[in-house]
Colleague: 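I have a structure I would like to understand better, so I am pasting it below and will then ask my questions one at a time.
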Amino acid sequence: MPELPEVEYIARSLDARLPGQTVCDVVVRWERTLATHDPTSFRSALCGLTFQSVGRRGKFLLLELPPYWLLIHLRMTGRLYYCPAPQPDWEQNRHVHLILSLDRDARLYLHDIRKFGRAYLTFDPQEVVGNLGIEPLSPELTPERLAQELRSRRRQLKPLLLDQRVLAGLGNIYVDEALWAASIHPLTRSHTLTDAQIAELHENLRRILRDAIAHGGTTLRDYRGPCDETGQHQFSLAVYGRAGTPCRRCGTLIERTVVAQRGTHYCPVCQPVPTEGEETLDEPQTDS
DNA sequence: ACACCCTCCTGGAGGC
DNA sequence: TGCCTCCAGGAGGGTG
């Protein structure tokens with residue numbers, strides 16, 4: 001499932017290929033892929049436009065096609081595949097829902113087994129990504145800013161970190177990895193973290209995201225880069241998908257549980273369950 | 001404010 | 001071998 005590192009890798013790869021290319025034709029095979037248009041208006045809006053740049057915001061790909069922006073969210077199983085010539089296998093693939101024909105017969109395919117991915121065509125990207133929180137790798141995300149985001153809420157840490165309105169781009173894999181690296185239990189209440197824990201979380205979160213980008217992302221099953229390449233970060237995972245295997249730090253078997261309807265992987269020794277005492281101490285006031 | 005559940009989807013895995 | 005059921009989960013919506 002593409003999260004920040006995978007989307008960042010895809011954006012960089014496409015930014016080296018798409019700028020200067022003009023859209024010659026558009027084929028929509030699954031209408032609901034289009035979040036903002038019907039196939040006819042989508043096609044007539046895009047045809048003749050030229051790519052200017054490709055970037056990322058959270059888990060959204062931002063494809064600049066003046067005067068429009070084409071925003072793509074890959075959700076669970078979405079893939080973008082670029083090739084300099086039409087590929088019969090891809091043209092006929094039943095999971096290809098969108099095909100852009102470019103200059104010199106190049107192709108950009110949107111492939112999505114579960115059909116959750118969405119494409120948004122807009123003049124103003126803020127209409128789509130305006131509610132996203134801070135970028136985890138931005139210089140603005142200092143330990144102090146992270147502390148402010150965490151302490152202004154009283155939520156379980158895992159669902160908070162997954163909330164795109166707070167931090168933009170984190171998904172299930174990297175949240176589990178970051179919490180393990182910082183030795184924090186996923187159910188810990190956000191306002192109970194110490195300065196030291198927040199510093200650990202800040203540092204490890206950013207390190208893991210940078211490593212994963214450098215590794216071309218994590219390929220567990222479906223993820224591929226725009227040239228069909230797999231990522232390599234799956235070999236560096238400490239907890240995600242490792243239930244029943246030894247913790248890389250202490251040797252205890254990694255456990256899997258469910259938090260906020262999401263599979264959650266952690267080390268029961270390195271990430272001890274937060275004690276109830278902290279919370280009751282912190283909120284002694286009761287309703288009257 | 002926050003937790004919880006449902007919906008969208010399909011392929012893969014497990015049970016028998 | 002084959003059929004059936006369950007499960008994974010990002011995001012948005014509704015409910016309590």
Side-chain angles (χ1 to χ4, degrees), chain A residues 1-8 10 28-36 56-61 71-80 93-98 110-120 125 127-133 136 148-179 185-193 209 212 217-224 234 237 239-244 255-266 274 276 279-280 282-283 285-287:
Chain A
M1 41 215 109
E3 303 181 26
L4 186 154
E6 290 76 26
V7 179
E8 178 66 25
I10 293 167
V28 180
R29 294 202 186 144
W30 180 254
E31 290 193 21
R32 294 166 70 175
T33 296
L34 308 182
T36 54
R56 177 192 64 77
R57 176 78 172 97
K59 299 175 196 169
F60 285 85
L61 282 162
L71 274 58
I72 296 178
H73 196 306
L74 298 170
R75 296 282 182 98
M76 310 294 302
T77 54
R79 298 171 54 180
L80 276 178
N93 190 299
R94 59 188 288 250
H95 301 305
V96 169
H97 308 311
L98 185 59
L110 175 63
H111 176 279
D112 188 359
I113 291 174
R114 291 190 201 165
K115 297 179 172 173
F116 286 173
R118 291 291 178 268
Y120 307 74
E127 289 182 357
V128 180
V129 297
N131 289 329
L132 293 182
Q148 181 189 322
E149 297 290 346
L150 297 178
R151 288 176 178 155
S152 63
R153 301 171 174 90
R154 302 183 157 227
R155 296 174 60 184
Q156 298 168 347
L157 207 42
K158 170 134 184 177
L160 178 54
L161 294 175
L162 286 172
D163 190 334
Q164 302 299 298
R165 296 168 299 185
V166 179
L167 287 171
L170 301 181
N172 211 29
I173 296 174
Y174 296 107
V175 166
D176 280 4
E177 292 297 311
L179 289 174
H185 192 279
L187 286 177
T188 310
R189 292 280 166 177
S190 59
H191 64 287
T192 67
L193 290 184
L209 293 175
T218 299
T219 297
L220 290 173
R221 179 172 296 167
D222 299 296
Y223 172 72
R224 298 288 188 286
Q234 61 274 18
L237 296 179
V239 284
Y240 190 88
R242 293 194 66 243
E255 292 186 6
R256 181 186 183 281
T257 182
V258 175
V259 175
Q261 291 80 51
R262 304 254 152 49
T264 299
H265 313 73
Y266 68 103
E276 287 296 318
E279 271 200 67
T280 45
D282 199 77
E283 37 189 347
Q285 75 281 5
T286 44
D287 292 351

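Convention: sequence-line order gives letters A, B, ...; per-chain numbering from 1.
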Colleague: Identify, between A:Arg256 and A:Lys59, the residue whose nearest nucleotide on DNA chain C lies closer to the 5' end.
Modeller: A:Arg256

Colleague: Could you state the atom-to-atom distance from CZ of A:Arg94 to C1' of B:dG11 in whole Å?
Modeller: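 Going from A:Arg94 (CZ) to B:dG11 (C1'), I get 9 Å.
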
Colleague: Using atom CD of A:Glu3 as one end and atom P of C:dG9 as the other, report the distance to the nearest whole Å.
Modeller: 10 Å

Colleague: Base of C:dG9, side chain of A:Arg114 - is there a donor-acceptor contact under 3.5 Å?
Modeller: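 Donor-acceptor pair under 3.5 Å: yes.
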
Colleague: Which nucleotide sits closest to the side chain of A:Arg154: C:dG10, B:dC2, B:dC4?
Modeller: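 Of all the options, the side chain of A:Arg154 is nearest to B:dC2.
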
Colleague: Between atom CZ in A:Arg118 and atom C1' in C:dA11, what is the gap in whole Å?
Modeller: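 About 10 Å, once rounded to whole Å.
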
Colleague: Write down the distance between CZ (A:Phe60) and P (C:dG10), rounded to a whole number of angstrom.
Modeller: 14 Å

Colleague: What does A:Gly171 touch in the nucleic acid at a heavy-atom separation under 4.0 angstrom: a base, only the sugar-phosphate, or nothing?
Modeller: nothing

Colleague: A:Leu110 CG to B:dC9 C1': how many Å, rounded?
Modeller: 14 Å

Colleague: What is the minimum heavy-atom distance between A:Leu132 and A:Ala168, and which atoms define it?
Modeller: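 Heavy atoms of A:Leu132 and A:Ala168 come nearest at CB-CB, 3.9 Å.
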
Colleague: Considering every strand and a 4.0 Å limit on heavy-atom distances, what is the contact class for A:Met76: base, sugar-phosphate, or nothing?
Modeller: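 The answer is base, as A:Met76 lies within the cut-off (heavy atoms under 4.0 Å) of a base atom.
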
Colleague: Mapping A:Phe116 and A:Arg221 onto DNA chain B by nearest heavy atom, which one lands closer to the 5' end?
Modeller: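 Looking at the nearest nucleotide for each, A:Phe116 comes out on the 5' side.
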
Colleague: Parallel, tilted or perpendicular: which one describes the rings of A:His265 and A:Tyr240, with boundaries at 30° and 60°?
Modeller: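 Judged by the thresholds at 30° and 60°, the geometry between A:His265 and A:Tyr240 is tilted.
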
Colleague: With a 4.0 Å cut-off on heavy atoms, is A:Tyr240 in touch with a base, just the backbone sugar-phosphate, or nothing at all?
Modeller: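 Answer is sugar-phosphate: A:Tyr240 comes under 4.0 Å of backbone atoms only.
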
Colleague: The side chain of A:Arg32 is closest to which nucleotide in this list: B:dC2, B:dC8, C:dG10?
Modeller: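 Per side-chain heavy atoms of A:Arg32, the pick is B:dC8.
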
Colleague: Expressed in angstrom and rounded to an integer, what is the separation of A:Leu150 atom CG from B:dC2 atom C1'?
Modeller: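 Roughly 16 Å, once rounded to whole Å.
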
Colleague: Just call it for A:Arg155: base, sugar-phosphate, or nothing, with non-hydrogen atoms closer than 4.0 Å on any strand.
Modeller: sugar-phosphate

Colleague: Taking 4.0 Å as the cut-off, does a side-chain nitrogen or oxygen of A:His95 come that near to OP1 or OP2 on B:dG11?
Modeller: yes

Colleague: Closest approach to the side chain of A:Gln261, judged atom by atom: which nucleotide of B:dC9, B:dC5, B:dC2 is it?
Modeller: B:dC5

Colleague: Does this structure show an ion pair linking A:Arg155 with A:Asp163, if we count only N-O contacts that are shorter than 4.0 Å?
Modeller: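 Here A:Arg155 pairs with A:Asp163 in a salt bridge, since their nearest N and O are under 4.0 Å apart.
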
Colleague: On the nucleotide C:dA11, are OP1 or OP2 found under 4.0 Å from the side-chain N or O atoms that A:Gln164 carries?
Modeller: yes

Colleague: Would you mind reading off the distance between A:Met1 atom CE and B:dG11 atom C1', rounded to a whole angstrom?
Modeller: 14 Å

Colleague: On a heavy-atom basis, which atom in A:His97 and which in A:Thr33 lie closest, and how many Å separate them?
Modeller: CB-OG1, 3.5 Å

Colleague: If you compare every side-chain N and O of A:Arg165 against the phosphate oxygens of C:dG10 (OP1, OP2), does one of them come in below 4.0 Å?
Modeller: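 Result: no.
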
Colleague: Does either side chain, that of A:Thr218 or that of A:Tyr174, offer a donor lying less than 3.5 Å from an acceptor on the other one?
Modeller: yes

Colleague: Could you state the atom-to-atom distance from CZ of A:Arg262 to C1' of B:dC5 in whole Å?
Modeller: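 Nearest whole value for this atom pair: 12 Å.
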
